[in-house]
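In this text, all values refer to a predicted model and were calculated from it rather than measured experimentally.
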Amino acid sequence: MSKRILLIEDDKRLSQLMANFLNQQDFEVQCLYDSVNLSSTMETYKPDIIILDIMLPGEDGFELCKTLRKTFTGPLLFVTAKSSDFDQVLGLELGADDYVIKPVEPRVLLARINALLRRSETQSSDTLFQSDQLRFGKLKINRNSRQVLLSDELIQLTSHEFDMLWKLASNPSKLVERETLYNELIGREYDGLDRSADVRISRLRKKLRDNPQNPYKIKTIWGKGFFFVPDAWE
């Protein structure tokens, strides 16, 4: 069954070119040019992945991303004409999983989409072979339901945030190297400059009530990776 892509891009020519290319790669694509019919489309179309342009008329992509992340936990890929670190980091902080920069190279777009979907499918299939629950004090993580409870409060995480938390929590008191997170969860090699993992860790800390200035639940080991502290959740 073809994976469903929701493409939100106001440039109709570019949108059609991208849709045609993705159709040729056996994806099903629904195009929107603004946010007017977004809510009804999400309910009826139920996309597997969303591709979202930042510069949209009316409500921009950043605002739409915040709205979508209230209910949509699947992969979300930004398309941006801006290459500054500020825009990229802001997009990731709002809940995007990855981004591509215009002019969009079709093969790069395809590679990013496949990496996001492949990682999601791999994480789902792994539940058959691993314990499906982890508990550390007041933190409960259920991999089958993909739910996280902290002090019995449901914590809303995106699919990628959940996978990153599971990766760290399933290796308590162990260093998880940055390169491992990029290869297994982000789907590309770490180039020494990419801040995607750091941004997602920062989002996790905020949602899990860690101290952003002096984190003690999920620690950064500078130059190496991250460390989940199992005794910090009491």
Side-chain angles (χ1 to χ4, degrees), residues 1-81 88 90-102 104-127 143-147 156-164 185-188 196 200 203:
M1 184 175 179
S2 298
K3 293 293 185 179
R4 294 181 300 275
I5 297 176
L6 178 59
L7 173 59
I8 309 172
E9 165 63 67
D10 68 319
D11 185 330
K12 294 185 178 181
R13 179 177 177 276
L14 175 59
S15 180
Q16 195 58 56
L17 287 172
M18 293 171 66
N20 289 343
F21 171 74
L22 293 170
N23 286 151
Q24 293 171 6
Q25 309 303 317
D26 296 324
F27 290 103
E28 180 183 335
V29 183
Q30 172 80 40
C31 295
L32 290 180
Y33 307 114
D34 53 41
S35 62
V36 174
N37 297 313
L38 179 59
S39 179
S40 60
T41 300
M42 289 295 295
E43 290 181 8
T44 58
Y45 187 59
K46 300 187 185 306
D48 296 297
I49 183 171
I50 295 175
I51 301 175
L52 177 60
D53 184 30
I54 290 179
M55 302 302 292
L56 293 169
E59 195 173 14
D60 67 18
F62 290 140
E63 291 301 316
L64 283 185
C65 183
K66 288 194 290 186
T67 300
L68 286 165
R69 278 311 187 199
K70 293 177 182 178
T71 55
F72 180 71
T73 60
L76 192 152
L77 178 68
F78 263 134
V79 177
T80 175
Q88 296 168 14
L90 177 58
L92 294 170
E93 287 178 340
L94 292 175
D97 295 304
D98 206 347
Y99 57 87
V100 291
I101 298 173
K102 296 180 180 179
V104 178
E105 170 59 44
R107 293 294 169 182
V108 172
L109 176 64
L110 179 62
R112 295 292 176 85
I113 291 171
N114 283 334
L116 291 174
L117 291 173
R118 184 169 56 249
R119 184 209 50 76
S120 295
E121 292 169 356
T122 299
Q123 294 296 328
S124 296
S125 64
D126 282 350
T127 63
R143 199 176 189 194
N144 283 340
S145 64
R146 299 182 71 79
Q147 288 188 338
Q156 294 289 344
L157 300 182
T158 69
S159 177
H160 280 228
E161 289 167 354
F162 181 91
D163 292 337
M164 186 161 286
L185 302 184
I186 299 177
R188 59 176 180 265
S196 301
R200 290 174 193 170
R203 284 176 56 82

Enquirer: Identify, with sequence neighbours excluded, every residue that meets side chain to side chain contact (heavy atoms under 4.5 Å, CB included) alongside Ile49.
Expert: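 Testing Ile49 for side chain to side chain contact (heavy atoms under 4.5 Å, CB included), a comparison that skips the adjacent residues, returns Ile5, Pro75, Ile113, Leu116, Leu117.
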Enquirer: Grab the two heavy atoms, one from Arg69 and one from Leu94, that are nearest each other, plus how far apart they are.
Expert: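 Closest approach of Arg69 to Leu94, heavy atoms only: CG-O, 3.8 Å.
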Enquirer: Any non-hydrogen side-chain atom of Arg4 less than 4.5 Å from a side-chain atom of Lys46?
Expert: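 Result yes, sub-4.5 Å side-chain heavy-atom pair found.
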Enquirer: So which atom in Pro57 and which in Asp10 form the shortest heavy-atom distance, rounded to 0.1 Å?
Expert: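 Shortest heavy-atom separation between Pro57 and Asp10 comes out as CD-CB, 3.5 Å.
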Enquirer: Cut-off 3.5 Å, no hydrogens considered: what does the side-chain donor-acceptor table look like for residues 32-42, sequence neighbours left out?
Expert:
{"from": "Asp34", "atom 1": "OD1", "to": "Val36", "atom 2": "N", "distance (Å)": "3.0"}
{"from": "Ser40", "atom 1": "OG", "to": "Asn37", "atom 2": "O", "distance (Å)": "3.1"}
{"from": "Thr41", "atom 1": "OG1", "to": "Asn37", "atom 2": "O", "distance (Å)": "2.7"}

Enquirer: Looking at every non-hydrogen atom in both residues, tell me the closest pair between Phe78 and Cys65 and how far apart they are.
Expert: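 Taking Phe78 first and Cys65 second, the nearest heavy atoms are CZ-CB, 3.7 Å.
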Enquirer: Once side chain to side chain contact (heavy atoms under 4.5 Å, CB included) is applied, do any residues pair with Arg107, and if so which ones, sequence neighbours excluded?
Expert: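 With neighbours one apart ignored, the set is Phe21, Gln25, Glu105, Leu110.
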Enquirer: Do any pairs count as a side chain to side chain donor-acceptor pair (under 3.5 Å) and have a residue in residues 47-63, sequence neighbours left out, and if so which ones?
Expert: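 Found Asp53-Lys102, Glu63-Lys66.
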Enquirer: Would you please say whether a donor-acceptor pair under 3.5 Å links the side chains of Gln24 and Asn20?
Expert: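 Result is no, nothing qualifies.
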Enquirer: Below 4.5 Å, heavy atoms only, C-beta onward: do Leu109 and Met18 meet side chain to side chain?
Expert: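 Answer yes - side chains close enough.
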Enquirer: For Ala19 and Val29, work out which heavy atoms get closest and say how close.
Expert: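 Minimum heavy-atom separation between Ala19 and Val29: CB-CG1, 3.9 Å.
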Enquirer: Just verifying a value: how many Å separate Cys31 SG and Leu14 CG, rounded to the nearest 0.5 Å?
Expert: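 Between Cys31 SG and Leu14 CG, I get 10.0 Å after rounding to 0.5 Å.
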Enquirer: Of all the heavy-atom pairs spanning Leu6 and Pro47, show the shortest one and how long it is.
Expert: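 Looking at all heavy atoms of both residues, the closest pair is CB-CB, 3.8 Å.
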Enquirer: CZ of Arg146 to CG of Leu157: how many Å apart, nearest 0.5 Å?
Expert: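 If I round to the nearest 0.5 Å, the distance is 9.5 Å.
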Enquirer: Which residues pass the side chain to side chain contact (heavy atoms under 4.5 Å, CB included) test with Ser145, not counting sequence neighbours?
Expert: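 Applying side chain to side chain contact (heavy atoms under 4.5 Å, CB included) to Ser145 gives Asn142, Gln147.
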Enquirer: Measure the OG1-CG distance between Thr73 and Leu68 for me, rounded to the nearest 0.5 Å.
Expert: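 Thr73 OG1 to Leu68 CG: 11.5 Å, rounded to 0.5 Å.
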Enquirer: How far does CD1 of Ile54 sit from CD1 of Ile8, to the nearest 0.5 angstrom?
Expert: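 It comes to 12.5 Å.
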Enquirer: Can you find a pair of side-chain heavy atoms, one from Tyr99 and one from Leu92, that are under 4.5 Å apart?
Expert: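 When only atoms from C-beta onward are counted, Leu92 and Tyr99 do touch, with a gap below 4.5 Å.
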Enquirer: With Ser196, which residues qualify under side chain to side chain donor-acceptor pair (under 3.5 Å), at least two apart?
Expert: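 Ser196 satisfies side chain to side chain donor-acceptor pair (under 3.5 Å) with Arg188, Asp194 only.
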Enquirer: Nearest 0.5 angstrom please: Glu161 CD to Leu185 CG, how far?
Expert: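 Going from the CD atom of Glu161 to the CG atom of Leu185 covers 12.0 Å.
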